[in-house]
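Have a look at the structure below, then the notes.
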Amino acid sequence: MKIKIVLPQIYLLLLISFLLAGITATQAKPVDDSKIQITGQVLDESGSPVAGATIKILNSHTGAVSEADGTFELMAPKDTTCSLSIEAVGFEKKLFEINPKTQKDQTLKISLQSAAGNLADVTVAAVRRSVGSLDLVYANQKAASAISDGISQDVIKKSPDRNMGDVLKRISGASIQDNKFVIIRGLNERYNTAQMNGALLPSTEPDKKAFAFDIIPASLIDQVVIYKSMTPDLPADFAGGAIDITTKAFPNKRVSELSLSLGYQANTTFKSFKKSNVTGSYDYLGYFDDKRSLPASYNYYKNSFSHQEDGIKMAVTEKFSNNFGYKNASNSLPDFSIGYTGGDTRYTKGDKKFGYIYAVGFSSSREVTKGVINDYTIDRHQIYSSSATEYAYKYGHYGLLNLSYAFNNKNKLLFKNLYNNQLTSEVTLRDGSNLSNETPQPFISSSSKATRDGLLQSVLQGIHDFKEDQELNWNLSYARTYHYSPDETILALNENEAGGYERKLSNENSPAIQDAGRVYSSNLEQQFGASWDYSLGFKLGDVKQLFKAGMNTYYRLKDVSVEALGYASLSAYGVTMTADQQNPYNLFTPENIEQYKITVANIGNNSTDYQGKSWNTNGFLMLENKWLENWTLKWGAAVSSYNQKLIPTSGSVIQKNNTDILPSAILTFRPATSMNLRLAGSQSVNRPEFRELADYSLYDYNKDFIYRGNPNLTRSKITNLDFRYEFFPGAGEILSASVFYKHFQDPIEQVNQGNGVLNYQNADNAQLYGAEIEIRKKLDFLGSAFLSKWSFYGNGTYVDGDIQLSGTKGKSLMQGQSPYLIGAGLSYTDGDFAFNLLYQKAGPRLAFRGQGDGQMNIYEKGRDIVDAQISYRMLKSKKLEIKLSAKDLLAQSIDWYYKFDVSGSSSKMGYNASTDKITRQFKPNTGLNLSLKYQF
């Protein structure tokens, strides 16, 4: 385990050194003595800051882009009067003359006038490499050929969103499942892909093809764009959306910010709390010690343990910590987090400059979640009833370090690094009755589990503009995700006739993880990537055209180890153990192990040990043809070669090889400078994940499901059609409407096989169609000074479809599909005060499909989610900002329910209390958070 944290520790040391340097250093001074650093601020006619304005010194290569507060810095010749050109989307271009020598100690105030209906392309070249502003996101969206939606840092700051999972649900057509997996256009997490800083992100999950976005702090994000139409230069493995994340950009001026926050959770803070009997000495640092490790004696006999003598088996079993159950902890204090961000840009002679930004942070929190688990037969007869309470504490830390060096205005190197680590320790207590027999069987059970999840990514990028019409981009990347769970324990006890509790154990040939067991798992994935693309501009007649070619390759290496052990009797007939009435979970003491002759035994179908390898290489050619000034056709094709191999320690190697030619084309018509009409068609693929191919079972205690793989899965191929209308009435405003259609060949679905077993299966085919609408508009058009300070945002998505599985008839929806998504927001800004109210809802979705005779579909109810935030900048310097945010004010329960027909359309998905039955229910927390940020 120690070697697994060497790289993260190196990164942390590097980041801490930058932190110490930033705290102690004074403002960085320019090295070039022939130039003076000029500071300014770009404002609109009402005095509000303009983010993303491009400021250039005419007849030179020097320029800057204004930050979210409108400020900028640039280097100007100290002995020469300069003319500045200031341009921003939605505003008239302005020329401004300065004398750097006399104005070096002043802050230039530059006011721009709005240009109604003008969203010119003047800033597009700068947008791609500048700070996160919604104006810039929309400018890129308008100028780009692909169909996309996005969100930026300035919008994220106005919401209570703490991580990327929270942020993504604000984007049109997207929703979040389990607070971390993204669903786009009704397609679940397996049909979406993600990249960060130009490099693909590997899967983080041990039981599905998905990336857990809750491990990326929202404070580190510059902007997020979801591409919904395929182009040859995008990843080939997606059907819903390709998520493109950019971390914090390099500042034009020195940045030094310290933030603190305290959080209150309605079900948790100041209330009683329980935790595992075994807690690590380094839990608060986010790392494991050896207390949860497999005993050395078991590792010694591991390969031949079942053949050892009974005395050795019992002696080794006694070495396992008897940490079943729980212990009481102190009442929960408020959640706490602290973070620091620093950065600067240093200028040297000529056009050379060096920029850096870094951030470090730490957080600790607790959460108590209550829920119920029920089960029913096909005739609606209840056979299982239970209630549960989960107690979880979390410790996390992150580090970001981004460096930039410009050799001149045409060549730049970027080195971007992100590390995030989170340790979660949880205890779940459950009690209820098994009702499947004539006489109900009361029971209690407990589970304790600690996990350590994390992401480390490094990307080295090069940007080279050889001439005005040629550009070369390249990157080298390394990514590492991990999910370690060193000792998950499960123990269920039945009530006996005397009113106490007991546990009946079978012999060592058939132990059950659900009755009494423990699981040790490790999931480490590494990804090595490289890519390049070359763009060449040319003319046909007098019209500019673009040719682009490129290639990317990714090598994935995944190491998975799961050791599932069940407690069993050395007697061929099993044994019934009587629990202590005062402490019933204290069952596997050395005395009881000796008295009842107990041993641990490997559970073969729940254990695995395999290595996954895949090599994906994509090459593409693309043309962007323009004619008649208003028409653009972006077309081309990608060739995607994929070799996947799953190598188990024992058993057959599973190998999948595919080479696909994936054409795409998107036609854009611009009837006006502020308007687009787009028509897109493409083909893409969706490939099975290693876990989906691995034929072993994984038991999820909290949801009471068993996940099992299927080595016979094949890749799916998707045909995509999109049509979109876009109108950009002004800076930071949009009105768009889309319709889309998708056809799937051999789509992969997760099905409910009954008895709590979820498996994967290829369907024959499927189709999905729908529509989206999005609007973001300032209310100044109403002519009121008060209403001019308000902005409205809303989006809605309608989705329907049909999937055909082998052996089934009738119309059925795809798994994870919601018939509708709704998002809305209302914001108010008046000088230093801001207020934001947000609403989200995803309609009922098919969580798990019933498969086979008598198996039932499981649906998830829609939930109304309301969030709010107010913020205020204080002190004369306005360097102190205070925020009060509220998350999930309604705290509606998360409900899964049975519908007692296997097929169903979108009109029949909703919960009907008279016929449907709740099978899983979880009660989330309403959260309040107070945060302070000070700029030094």
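From a predicted model like this one, the values you see are computed outputs, not experimental measurements. Throughout, numbering of the chain's residues begins at 1 and tracks the sequence.
Taking the six-membered ring for Trp and thresholds of 30 and 60 degrees, Phe922 and Trp896 have ring planes more than 60 degrees apart, a perpendicular arrangement. In this pair, Tyr769 and Tyr741 present their aromatic rings parallel. The plane angle is below 30°, not in the 30 to 60° band.
Of all non-hydrogen atoms in Pro844 and Tyr897, the two that sit nearest each other are CB-OH, 3.6 Å. For the residue pair Ile183 and Glu189, the shortest heavy atom distance occurs at CG1-N, 4.5 Å.
Under the side-chain hydrogen bond (donor to acceptor under 3.5 Å, both in side chains) criterion, Thr608 pairs with no residue, sequence neighbours left out. Taking Tyr898 as the reference, nothing meets the ring-ring contact (aromatic ring centres under 6.0 Å, His included) condition, with sequence neighbours excluded. In this view, Gln461 satisfies the side-chain hydrogen bond (donor to acceptor under 3.5 Å, both in side chains) rule with no residue, not counting sequence neighbours.
No cation-pi contact links Arg678 to Phe669, judged by a cut-off of 6.0 Å to the six-membered ring centre and 45° from its axis. Under the 6.0 Å distance and 45° angle rule, Arg708 does not count as a cation-pi partner of Tyr760. Remark: Arg185 qualifies as a cation-pi partner of Phe740 under the 6.0 Å distance and 45° angle criteria applied to the six-membered ring. A cation-pi arrangement is present between Arg920 and Phe705, with the terminal nitrogen or guanidinium carbon under 6.0 Å from the aromatic centre and inside a 45° cone about the axis.
In this structure the side chain of Asn857 reaches within 4.5 angstrom of the side chain of Leu846, judged on heavy atoms. At least one side-chain heavy atom of Leu168 sits less than 4.5 Å from a side-chain heavy atom of Ile226.
Judged by distance alone, the side chains of Asp800 and Tyr798 do bring a donor and an acceptor atom under 3.5 Å apart. Side-chain N/O atoms of Asn720 and Ser682 include a donor and acceptor closer than 3.5 Å.
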Exercise for the section: Take Asn197 and Thr247 through the side chain to side chain donor-acceptor pair (under 3.5 Å) test and state the conclusion after the steps. Expected result: CA-CA 7 Å; Asn197 296 325; Thr247 56; 3.1 Å; yes
Exercise for the section: Could you go through the salt bridge (charged side-chain N to carboxylate O under 4.0 Å, His left out) check for Arg715 and Asp660 one step at a time? Expected result: CA-CA 11 Å; Arg715 69 102 170 83; Asp660 296 290; 2.6 Å; yes
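Of the options Asn676, Thr668, Asp149, a side chain to side chain donor-acceptor pair (under 3.5 Å) to Arg724 is made by Asp149 and by none of the others.
Aromatic pair Phe211/Phe181: centroids not less than 6.0 angstrom apart.
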